[in-house]
Amino acid sequence: MGVRADEGHARLILPQLRLDDLLTELQARLDTVLGTRDRVHALLEAVVSIGSDLDLETALRRIIEAASALVDARYGALGVIGEGGGHLAQFITVGVSEEEIEAIGHWPHGHGILGLLIKEPHSLRLPDLSAHPESSGFPAHHPPMRRFLGVPIRVREEVFGNLYLTEKAGGGEFDEEDEAIVTALATAAGVAIENARLYQEARRRERWLQASAEVSNALLSGTAPEEVVGLIARRAREICDADLAMVSLADEASEELVVAAADGGHAEALHGLRIPLGDAMAARVYREGTALLLEDGGRAAVGPHAPPELSFGPSLMVALGSGRSARGVLAVVNHSGRPAFNDATLRLLEPFAAQAAVALELAERRRDAERIVVLEDRERIAKDLHDTVIQRLFATAMTLMSAIKITQKTEVARRVQGAVDDLDDTIRQVRSTIFALQADPADHGLRSRIHAIADTAAETLGFAPSVRLDGLLDTAVDPETGEQLLAVLQEALSNVARHAQARAVNITIDVRDELILRVEDDGIGIPPGGRRSGLRNMANRAEALGGSFITRGGAQGGTVLLWCVPVR
């Protein structure tokens with residue numbers, strides 16, 4: 001009886017155990033379905049998230065963050081393949097702190113396992129990174145990593161980059177489901193990246209059109225060229241999303257490129273920098289008119305004379321104009337670690353530089369036309385003065401000279417002679433004015449330089465000195481004598497400003513057989529026992545040219561300085 005009872009009890013327990021196993025298996029499958037449902041929901045949310053932002057940088061970061069969260073990866077990275085397809089141009093990481101990134105140094109260039117995914121763009125799962133034959137190890141300070149999952153991102157059948165995921169939570173390996181989830185995300189990412197690229201391209205083109213119009217309007221409306229060059233640099237940096245932009249204009253006389261404007265970090269250190277035409281790649285761009293893309297050669301854009309504290313990475317250089325109309329080089333530079341410029345950026349910067357060069361050329365032609373109008377007007381005034389005013393003054397002087405001969409009174413004759421002398425002085429001043437009107441405002445001849453010295457002295461004197469120039473200063477005086485004359489005039493005006501306490505200064509320069517400089521002031525005169533070093537210098541300059549130098553008191557007080565040298 002006891003045996004039969006035990007058998008009956010066993011028969012009752014066996015169905016219950018089978019039911020428990022079935023329930024357990026069912027629960028496990030339900031958990032799997034729920035887990036899959038949650039992952040699908042998470043994938044859909046990730047797809048919506050990465051497609052909701054049209055900024056490319058933001059979209060890329062959202063993609064790698066979503067991929068890491070979907071497969072519980074501790075570390076994630078998205079590598080963007082550069083032009084040519086043999087290296088990584090950009091590397092975005094998740095899970096690695098800024099301190100760790102700084103300690104590691106530069107992002108990977110695309111060697112080892114990362115390079116394998118670039119060469120063979122298909123999914124790759126590894127239980128141990130270091131065991132793969134393509135593994136090239138890790139740099140110093142790099143976090144330890146074993147488990148690995150890599151999936152390519154394609155944009156219109158072109159491999160844009162790769163997703164890299166390592167160290168699954170709990171230490172487990174990445175499985176087929178993880179690979180399928182990340183592959184699905186990569187497909188959606190390709191669409192989001194293409195949309196962001198198109199949007200970015202449209203925005204850049206819009207900025208290019210606005211910048212080109214702004215530069216042209218500024219130049220043609222009369223804005224100072226140096227301000228417009230600064231505007232070109234600023235807009236070029238914005239169009240290319242660069243850290244720094246420079247406009248270098250050619251100075252053929254010194255065979256150099258001069259940085260006329262810079263915008264961005266450390267721009268002040270670059271402004272005015274001179275780049276010899278034989279020392280930098282920028283010179284080659286200027287000479288040949290061909291653009292140059294450098295992945296890590298920003299320092300080459302400014303040559304070896306760039307300030308050493310500046311950090312240069314990728315650069316792009318285009319010529320401002322072409323052929324004989326080339327005016328310089330427009331360069332944009334990113335700091336080390338920033339993405340390299342691509343062909344799309346080049347296609348935007350080249351027409352912008354060409355448009356800017358045309359605008360600079362048109363503005364220069366407009367300024368030339370305005371200068372010609374001014375010169376023609378000055379020439380007309382000079383002719384009117386010569387043909388009418390001087391002739392009438394001369395006729396009046398001749399009439400008065402005749403009156404002197406017939407007058408019987410000494411006092412009347414003396415006064416008439418004084419009037420004749422005044423007329424002669426007026427004629428000389430008008431002639432000097434005619435010479436000045438006929439000179440080019442941009443001329444650097446002796447006459448213009450004398451007026452420039454007098455204008456500069458007005459600031460220290462507190463008043464403008466009177467200047468009268470007579471004779472062919474710009475043609476009869478040789479360069480050496482002219483330089484000595486300018487030095488003496490500068491020294492004389494400096495002495496008046498420092499010592500004379502004068503209220504008026506008259507400068508007269510006459511060119512006949514001799515060059516005579518006369519500087520007269522109404523000051524306190526030369527004090528006895530004072531320093532004579534400046535006067536000795538002026539005397540030595542006259543003696544060296546075979547001339548003479550004297551000083552004397554004026555008729556109404558003050559000092560008269562006479563410096564006389566032969567005209568060679």
Side-chain angles (χ1 to χ4, degrees), residues 253-254 425 428-502 504-528 530-555 558-568:
S254 63
D425 188 59
R428 282 193 293 270
Q429 288 185 6
V430 173
R431 281 177 174 168
S432 178
T433 302
I434 291 172
F435 278 122
L437 285 171
Q438 290 175 330
D440 189 335
D443 181 33
H444 298 289
L446 185 57
R447 185 179 297 271
S448 298
R449 295 170 71 185
I450 289 169
H451 282 292
I453 289 174
D455 292 342
T456 303
E459 298 178 7
T460 54
L461 290 168
F463 55 87
S466 169
V467 180
R468 193 186 75 194
L469 309 177
D470 198 9
L472 303 176
L473 271 169
D474 288 331
T475 55
V477 180
D478 65 280
E480 181 186 355
T481 303
E483 292 296 332
Q484 298 293 339
L485 169 68
L486 295 174
V488 170
L489 176 60
Q490 217 161 11
E491 179 70 26
L493 293 175
S494 175
N495 286 342
V496 173
R498 286 181 295 175
H499 309 299
Q501 302 177 23
V505 176
N506 296 316
I507 301 168
T508 304
I509 300 177
D510 194 7
V511 181
R512 296 287 184 272
D513 294 334
E514 291 183 312
L515 170 63
I516 302 172
L517 166 65
R518 176 188 172 99
V519 180
E520 182 176 3
D521 67 72
D522 62 351
I524 60 175
I526 300 175
R531 293 180 60 187
R532 298 289 191 274
S533 57
L535 298 177
R536 280 197 301 272
N537 289 338
M538 288 186 266
N540 291 338
R541 292 179 187 275
E543 291 172 6
L545 296 172
S548 61
F549 170 73
I550 62 171
T551 59
R552 65 168 186 260
T559 304
V560 176
L561 177 153
L562 285 171
W563 191 82
C564 178
V565 296
V567 173
R568 293 186 289 177

Peer 1: Could you tell me which non-hydrogen atom of Arg512 sits nearest to which non-hydrogen atom of Val567, and how far apart they are?
Peer 2: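 Taking every non-hydrogen atom into account, O-CG2, 3.9 Å.
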Peer 1: Measure across Ala464 and Ala458 and return the closest heavy-atom pair with its distance rounded to 0.1 Å.
Peer 2: CA-CB, 3.9 Å
Peer 1: Give me the atom names and distance for the closest heavy-atom approach of Ala502 to Asp521.
Peer 2: CB-CB, 3.9 Å
Peer 1: Taking side chain as C-beta onward, heavy atoms only, is Leu485 less than 4.5 Å from Ile450?
Peer 2: yes
Peer 1: Once you round to the nearest 0.5 Å, how far does CG of Leu517 lie from CG of Leu562?
Peer 2: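 These two atoms lie 8.0 Å from each other.
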Peer 1: Using every non-hydrogen atom in the two residues, find where Gly482 and Val477 come nearest and quote the distance to one decimal.
Peer 2: N-CG1, 3.7 Å
Peer 1: For a 4.5 angstrom cut-off between non-hydrogen side-chain atoms, does Thr508 reach Asp470?
Peer 2: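 With C-beta onward as the side chain, the pair stays apart.
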Peer 1: Please check: side-chain N/O of Trp563 versus main-chain N/O of Met538, any donor-acceptor pairing under 3.5 Å?
Peer 2: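 Indeed, once roles are kept as given, a pair shorter than 3.5 Å links the two residues.
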Peer 1: With side chains defined as the heavy atoms from C-beta onward, is the minimum distance between His451 and Leu469 less than 4.5 Å?
Peer 2: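 Sidechains of Leu469 and His451: in contact.
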Peer 1: Would a 4.5 Å heavy-atom cut-off, applied to side chains only, mark Arg449 and Glu483 as touching?
Peer 2: yes
Peer 1: Hey, could you give me the CG/CD distance between Asp478 and Gln484, rounded to the nearest 0.5 Å?
Peer 2: 10.0 Å
Peer 1: Can you name the closest pair of heavy atoms from Ile524 and His499 and give their distance?
Peer 2: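 Answer, listing the atom of Ile524 first, then His499: CD1-O, 3.5 Å.
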Peer 1: How long is the span from the CG atom in Leu545 to the CD atom in Glu480, to the nearest 0.5 Å?
Peer 2: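 If we round to the nearest 0.5 Å, Leu545:CG and Glu480:CD are 6.0 Å apart.
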Peer 1: Atom CD1 of Ile453 and atom CD1 of Ile507: how far apart are they, to the nearest 0.5 Å?
Peer 2: 9.0 Å
Peer 1: How long is the span from the CG atom in Asn506 to the CG atom in Asp522, to the nearest 0.5 Å?
Peer 2: 8.5 Å
Peer 1: Could you tell me whether the side chain of Thr456 and the main chain of Ala452 form a donor-acceptor pair under 3.5 Å?
Peer 2: yes
Peer 1: Quick check: do Phe549 and Val565 have side-chain heavy atoms less than 4.5 Å from each other?
Peer 2: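 Phe549 vs Val565: side chains apart.
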Peer 1: Would you say Leu515 and Leu473 make side-chain contact, with heavy atoms under 4.5 Å?
Peer 2: yes
Peer 1: Do the non-hydrogen side-chain atoms of Thr559 and Asn495 ever get within less than 4.5 Å of each other?
Peer 2: no
Peer 1: What's the shortest heavy-atom distance between Thr460 and Ala497, and which atoms?
Peer 2: OG1-CB, 3.9 Å
Peer 1: Determine whether Arg518 and Asp510 make a side-chain contact, defined as any pair of heavy atoms from C-beta on separated by less than 4.5 Å.
Peer 2: no
Peer 1: To the nearest 0.5 Å, tell me how far Leu535 CG sits from Asn540 CG.
Peer 2: 11.0 Å
